[in-house]
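Everything below concerns the one structure shown next.
Quick caveat, the model's predicted, so the values are computed rather than measured. Just follow the structure's listing: the first ligand is 1, and inside any ligand the first atom is 1.
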Amino acid sequence: MRMIKRGVLCVLFGAFMLLGNGCGSPGAANAVIQVLDNSFSPMTFNARVGEPVSWVWNGSNPHDVKFSDGGSSSDVQTNGQFDRQFTVAGTYLYLCTIHAGMQGQVVVS
Ligand SMILES: [Cu+2]
């Protein structure tokens, strides 16, 4: 019951855009790239240096986010989220190792 009440309060707070990060939803303010079956959306994402970027799994198939720079990459997963923060400007290419042609890039400036 307590959790339900808290959830309702969070929804209400969210509706009024108060306490944006105060409801225990990590990454709520992050830029989001959707991991779909079988594509990333958007394929090209422009981010600022230091801006956290989140990939959110919204398909049914297993996918991963594997970067060509050897940096932090995700596991193969069917749901959940993966976050990466880029501290150096540049173009970061990534792909899903399971589905050929499923790829994207983050352009950090
Ligand atoms: Cu995939």
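Checked against the Cu ion (ligand 1), the N, O or S atom of H99 at the shortest distance is ND1. Within H63, ND1 is the N, O or S atom that lies nearest to the Cu ion (ligand 1).
An angle of 110° is found at the Cu ion (ligand 1) between M102 atom SD and C96 atom SG, rounded to 10°.
V32 and P42 get closest at one heavy-atom pair: O-CD, 4.4 Å.
In this structure, CE on M102 lies 9.5 Å from CG on L95, to the nearest 0.5 angstrom.
Residues F40 and F45 have side chains not in contact (no heavy-atom distance under 4.5 Å, counting atoms from C-beta outward). Counting heavy atoms from C-beta on, the side chains of I33 and V106 come closer than 4.5 Å.
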